[in-house]
Amino acid sequence: MTNNNTSNDVLLDFDLLSRLVVGIGEVSDMTSIPRRKIRYWEEKGIIQSEKDAEGSTRRYNYINIKKVLLIKELLEDGYTLDAAAQKVELRMKSMNETFRQLAKFIDKDLPTNDQKE
DNA sequence: GTTCTCACA
DNA sequence: TGTGAGAA
């Protein structure tokens, strides 16, 4: 039971998750949440999606997939939809702030700066 | 398969 | 807070 997750999972996540953009069917199947309900949450502004190239169908990135999962778990814990949405928003906010400060930190300390566009 | 809207509980 | 149904 020892946790030997180190950098492997992170490396996997970066590449995989950035390409993980799926349709509502996949999200619905993965999360066992009805498509109708996912659209309903989006209508309430709790999650957001981009349209595909044709502009007809919804596409969800991993951030919003995580949001869906989080909302689902919070609802199962008895939260109202609004309360769950607030909790998710707070989590996203604090995570963004934390990572932004971490990025600032390593930016300052990284000596190699030979990258060009 | 997806979209939307209107109605209904 | 969702669902059903019909139409595109």
Side-chain angles (χ1 to χ4, degrees):
Chain A
M1 295 312 212
T2 60
N3 185 1
N4 55 354
N5 293 345
T6 52
S7 58
N8 285 340
D9 290 346
V10 177
L11 291 175
L12 176 71
D13 280 352
F14 275 138
D15 195 47
L16 176 65
L17 295 186
S18 64
R19 286 162 213 284
L20 212 172
V21 180
V22 296
I24 195 171
E26 282 72 40
V27 180
S28 176
D29 292 342
M30 287 168 57
T31 59
S32 304
I33 300 172
R35 291 152 174 74
R36 193 72 176 69
K37 194 186 275 190
I38 293 175
R39 292 191 205 99
Y40 176 70
W41 290 356
E42 181 169 357
E43 185 185 347
K44 299 291 249 181
I46 295 171
I47 57 176
Q48 40 276 150
S49 71
E50 308 123 23
K51 293 306 187 71
D52 65 351
E54 289 82 25
S56 56
T57 65
R58 294 169 169 82
R59 318 241 72 209
Y60 296 93
N61 57 24
Y62 79 99
I63 289 182
N64 285 281
I65 297 173
K66 287 179 76 167
K67 280 192 188 179
V68 168
L69 237 21
L70 246 171
I71 297 284
K72 177 194 177 180
E73 291 173 6
L74 290 172
L75 290 181
E76 286 169 352
D77 283 350
Y79 287 88
T80 66
L81 189 55
D82 281 343
Q86 284 182 20
K87 259 187 145 3
V88 169
E89 214 168 324
L90 281 179
R91 284 173 78 115
M92 301 300 289
K93 185 181 176 185
S94 69
M95 281 200 185
N96 284 337
E97 282 184 18
T98 301
F99 277 103
R100 191 163 40 77
Q101 293 181 21
L102 283 171
K104 214 164 41 178
F105 178 75
I106 64 174
D107 219 21
K108 192 171 57 180
D109 285 3
L110 273 182
T112 58
N113 211 7
D114 54 336
Q115 45 177 299
K116 303 172 183 175
E117 320 193 46

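If you're wondering where the values come from, they're calculated on a predicted model, not measured in any experiment.
- The salt bridge (Lys or Arg N to Asp or Glu O under 4.0 Å) pairs that include a residue from residues 42-57 of chain A are A:Glu42-A:Arg58, where partners are two or more places apart or lie in different chains.
- Partners of A:Gln48 according to the side chain to side chain donor-acceptor pair (under 3.5 Å) rule, which considers only residues two or more places apart in sequence or in another chain, are A:Lys67.
- Remark: A:Lys87 engages A:Leu74, A:Tyr79 in a side-chain contact (heavy atoms from CB on, under 4.5 Å) (not counting sequence neighbours).
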Notebook entry, point to check: Where do A:Ile38 and A:Ile47 land on the side-chain contact (heavy atoms from CB on, under 4.5 Å) test, with the steps shown first?
Noted result: CA-CA 8 Å; A:Ile38 293 175; A:Ile47 57 176; 3.9 Å; yes
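- Residues of residues 73-88 of chain A that place a heavy atom closer than 4.0 Å to DNA chain B do not occur.
- Distance check: A:Ile65 CD1 to A:Ser49 OG gives 11.0 Å after rounding to the nearest 0.5 Å.
- Within the 3.5 Å criterion, the main-chain N or O of A:Ile24 finds no donor-acceptor partner in the side chain of A:Ser28.
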Review item, nucleotides 5-9 of chain B N/O atoms under 3.5 Å of protein N/O:
{"from": "B:dC6", "atom 1": "N4", "to": "A:Arg36", "atom 2": "NH2", "distance (Å)": "3.4"}

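- For A:Leu75, the side-chain contact (heavy atoms from CB on, under 4.5 Å) partners are A:Trp41, A:Ile71, A:Leu81, A:Ala84, not counting sequence neighbours.
- Counting 5' to 3', DNA chain C first comes under 4.0 angstrom of a heavy atom of chain A and last does so at the ends given by C:dT1 to C:dA5.
- How far CE of A:Met92 is from CD of A:Glu89: 9.5 Å, rounded to the nearest 0.5 Å.
- Distance check, rounded to the nearest 0.5 Å: CG of A:Leu20 to CD1 of A:Ile63 gives 11.5 Å.
- Side chain of A:Asp82 to backbone of A:Ala85: no donor-acceptor contact under 3.5 angstrom is found.
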Just the atom pairs and distances: protein N or O near nucleotides 1-3 of chain B's N or O, under 3.5 Å.
{"from": "B:dT2", "atom 1": "OP1", "to": "A:Gly25", "atom 2": "N", "distance (Å)": "3.2"}
{"from": "B:dT2", "atom 1": "OP2", "to": "A:Arg35", "atom 2": "NE", "distance (Å)": "3.1"}
{"from": "B:dT3", "atom 1": "OP1", "to": "A:Arg58", "atom 2": "N", "distance (Å)": "3.1"}
{"from": "B:dT3", "atom 1": "OP1", "to": "A:Arg58", "atom 2": "NH1", "distance (Å)": "2.8"}
{"from": "B:dT3", "atom 1": "OP2", "to": "A:Arg39", "atom 2": "NE", "distance (Å)": "2.6"}
{"from": "B:dT3", "atom 1": "OP2", "to": "A:Arg39", "atom 2": "NH2", "distance (Å)": "2.8"}
{"from": "B:dT3", "atom 1": "O5'", "to": "A:Arg58", "atom 2": "NH1", "distance (Å)": "3.2"}

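- Within the structure, salt bridge (Lys or Arg N to Asp or Glu O under 4.0 Å) pairs that include any residue of residues 23-40 of chain A comprise A:Asp29-A:Arg35 (at least two apart or interchain).
- The salt bridge (Lys or Arg N to Asp or Glu O under 4.0 Å) pairs that include a residue from residues 68-78 of chain A number zero, where partners must be two or more places apart or lie in different chains.
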